[in-house]
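Chain letters run A, B, ... following the sequence lines, proteins first, then strands; residues in each count from 1. Note that the coordinates shown come from a computational prediction; the quantities given were computed from them, not determined experimentally.
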2 protein chains.
Amino acid sequence: MREDLVRAEILAMLGREPLNRSEIAARLGLGAATVTEHTRRLIDLGYLRELAPQVSGRGRPRVPLEVLPDAAYTLGLRVHHTHVVGVLMRLNGSEVRRFTQPFDPRAEPVEQLAKMCLEVLGEPGTGERVRGVGLAVPGVIDPAKGVVRLSPHLGWSDLALRPRLAELLPVPVLIDNDTRASTTAELLFGTGRDHDDFLVLAVGGGVGMGIVLGRRVHRGPDGVAGEFGHVPVDPLGPPCVCGRRGCVETYAADYALAARAVERGLTSRAVAVDELHALALADTPGIRDLMAEAGATLGRAAAGIVNVLAVRALTVIGESHVLWPYLEPGFRPAVEGGVLSGLEISVRPWDDSAHALGAACLVLAATVAAR
Amino acid sequence: MREDLVRAEILAMLGREPLNRSEIAARLGLGAATVTEHTRRLIDLGYLRELAPQVSGRGRPRVPLEVLPDAAYTLGLRVHHTHVVGVLMRLNGSEVRRFTQPFDPRAEPVEQLAKMCLEVLGEPGTGERVRGVGLAVPGVIDPAKGVVRLSPHLGWSDLALRPRLAELLPVPVLIDNDTRASTTAELLFGTGRDHDDFLVLAVGGGVGMGIVLGRRVHRGPDGVAGEFGHVPVDPLGPPCVCGRRGCVETYAADYALAARAVERGLTSRAVAVDELHALALADTPGIRDLMAEAGATLGRAAAGIVNVLAVRALTVIGESHVLWPYLEPGFRPAVEGGVLSGLEISVRPWDDSAHALGAACLVLAATVAAR
DNA sequence: TCCTTAATTTCGGCGACGAAATTATTATGG
DNA sequence: CCATAATAATTTCGTCGCCGAAATTAAGGA
């Protein structure tokens, strides 16, 4: 999977505000010649256009470039075990629209997904603008081969999702792990604007980590990178679904928080995120301590990775966003107390369409501006 | 610092045994055309030569290529606070010879180092073959700028070592952190032969980590990557020199092992590595448990990194090699119990010249085969 | 008008790649 | 035994991405 990231990065950067070529070169660390070449092609493709030159003192006036956001679209789907969220994205990262469809991962899932995509692709006026489809799938995904290695959440293993979907669709198809899809979105439209190296911490039903080094998403040999949830914390800790004890996930995943709450007698049964949130909001005794401790565990584990990779930024995303205010009081001091140099921590509000937007970014990164 | 690693990798690979071009292409994951181009130049430079074609069944016979190990040398220095170890290395990674010189980091260190290098460079018959000098320095090093940011061990901070040395020497000069220098050596001549992604765990006076992802040594923005020693393990652990508590280093560095031994009343004073070794060898009660526990702590911390980066190999190096038999009983189960997929663990015997050889490899990687 | 400055483009080069061509064998059918 | 096919290694060719240096362009100022 060659990622023609550079042109995608130019589009993403210009999506926020028009910039001239020398600014683009400076921000992306590219040579002026390279930028001239890329922008020429993007203009030829109809994705960019030159604005009126800006006279700014002496010297040749700079020529700002503007994205034509509706020149092409990408479609991103987030595959969940009960439903699929789709987002149709413009070149500047904004949403044309989104939709939600019920989904059953056990009943001919490839055909169901193809049908949803074909509906969008067939729409007159928009369908023909779609340059590709990206899928964000939870679990262990091999994006190079397009195979879902293992997705306990969806009950899939070794499903050749991309090849099979590619046969049914007339546009390129990409798949990746949901956390890495959102990491790609961060690289193009978020933290990547200020950092070439950063981590994305995804807290929700599991705990995942997206890794960006040198403006490239690290995927590992078979796309297995990012298994932060099973970083060992305490060999005597709670048992984990992976068969070991004391993984990070057994403290900070949503189901684990609920389980710990039951253990401490704070709730009588394992509750969902919303209820945990309500309990914390109501300041139920012990709940906030529990969450702050979980946050601290998460923070210490993250600090280790931060130190070793020497990243300067970490961005928190994920379904557990509502709980973040209670995890953070533990997380932030633990990270800051464990990190050698400074670390910029950002938190993104969660939205059901976030991973879908990430999936759409996969397409932007890999295919929109290629060739 | 552009690393013309590919040609160095070809040299290193051929240093072990002659191989034909298509084997080189397969092992390095390059196209056949690329290999043809690189080998052509290496032959032109006089570094390689074609052997007699090997008839091996049908098809065009393969043409094995052989390194001419004495066609060029690289010089590597390991800078220690009491002495400097130098190694003059052949193209195939073997030692021409090594030397040790006393060294005082406080007394015009740049001039001292230059003098040692010039002695070698001036030797008739060998000096003119030396293509560059590499320095392995403990501490936080910025190899791109050639600056020693901070080396508590040597008492240096913000020393522009490379630029200053470059002025005094007629050949290219490179510097890097000692762990990363040895990591480069592993990439070319060790674990890199079988793995594109791996970690190097350096255990000694500190605990460092070298990271290889996609056959590139990860250095981080300013060369700060690899600070494994200060990965937090226990917020209530022993105080660390960095000002925090419970860093990995406070369990597994040599001085920390000695300190823990004192705390447990196993020794009356902080002893050196050799004495710890003797105590363990004599099976002094408690010593082996102490070391196994330290190994386990190290292993758990390493497993976290292994999981997140999804590497499949880890190589242990460092001055504490003699203690490894006692650290390992804790380390190996901790790592294996914390890692999701399989991990190949290798251990390298320590030798005072190891980092010096690594430093020589820096030169091989960056300059020998360039242009 | 000519000089300076800053943005941008052109040009040449490097490293890598895939596809097609070339080369040097072995196997096989007459 | 020889011509031809099959096979495998290697080279050539055209392309792509990126870069630095030099050239060009379009101002402002003396």
Handout entry: Shortest side-chain distance from A/R41, nucleotide among D/dG17, C/dT9, C/dC17
Key = D/dG17
Practice task
Return the nearest nucleotide to the side chain of B/R7; candidates are C/dA24, D/dC18, C/dG15.
Solution key: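 Nearest to the side chain of B/R7 among the choices is C/dG15.
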Rounded to the nearest Å, what distance is computed from the [atom1] atom of residue [X] to the [atom2] atom of nucleotide [N]?
X: A/L51; N: C/dA7; atom1: CG; atom2: C1'; answer: 16 Å
X: B/R60; N: D/dT12; atom1: CZ; atom2: C1'; answer: 12 Å
X: B/N20; N: D/dT7; atom1: CG; atom2: C1'; answer: 15 Å
X: A/R62; N: D/dA27; atom1: CZ; atom2: C1'; answer: 12 Å
X: B/L28; N: C/dC17; atom1: CG; atom2: C1'; answer: 15 Å
X: A/R40; N: D/dC16; atom1: CZ; atom2: P; answer: 13 Å
X: B/Q54; N: C/dA24; atom1: CD; atom2: P; answer: 17 Å
X: A/I43; N: C/dT8; atom1: CD1; atom2: P; answer: 11 Å

Problem - Residue met sooner reading DNA chain D from 5', once B/R58 and A/E37 are mapped to nucleotides - result: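 So the residue in question is B/R58.
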Completion exercise
When A/V55 and A/L30 are each assigned the nearest nucleotide of DNA chain D, the 5'-most assignment goes to A/L30
Exercise for the section: Please determine if B/D197 and B/R215 form a salt bridge, counting it only when a charged side-chain N lies under 4.0 Å from a carboxylate O. Expected result: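 Answer for the salt bridge query: no.
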Problem - Electrostatic pair B/R149-B/D222, nearest N-O below 4.0 angstrom - result: no
Problem - Interatomic spacing from CG in B/L14 to CG in B/L91 - rounded to 0.5 Å - result: 11.0 Å
For [X], which contact category applies under a 4.0 Å heavy-atom criterion: base, sugar-phosphate, or nothing?
X: B/V63; answer: sugar-phosphate
X: B/G31; answer: sugar-phosphate
X: A/S22; answer: sugar-phosphate

Handout entry: Phosphate contact (C/dT9 OP1 or OP2) by A/R21 side-chain N/O below 4.0 Å
Key = yes
Practice task
Check whether any side-chain nitrogen or oxygen of B/T36 sits under 4.0 Å from OP1 or OP2 of D/dT10, and answer yes or no.
Solution key: no
Practice task
Go through the steps to decide whether A/R21 and A/T39 satisfy the test side chain to side chain donor-acceptor pair (under 3.5 Å), and finish with yes or no.
Solution key: CA-CA 8 Å; A/R21 292 180 179 83; A/T39 53; 3.2 Å; yes
Exercise for the section: Compare every heavy atom of B/P53 with every heavy atom of B/P61, then report the nearest pair and how far apart it is. Expected result: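 The pair with the smallest heavy-atom distance is CB-CB, 3.9 Å.
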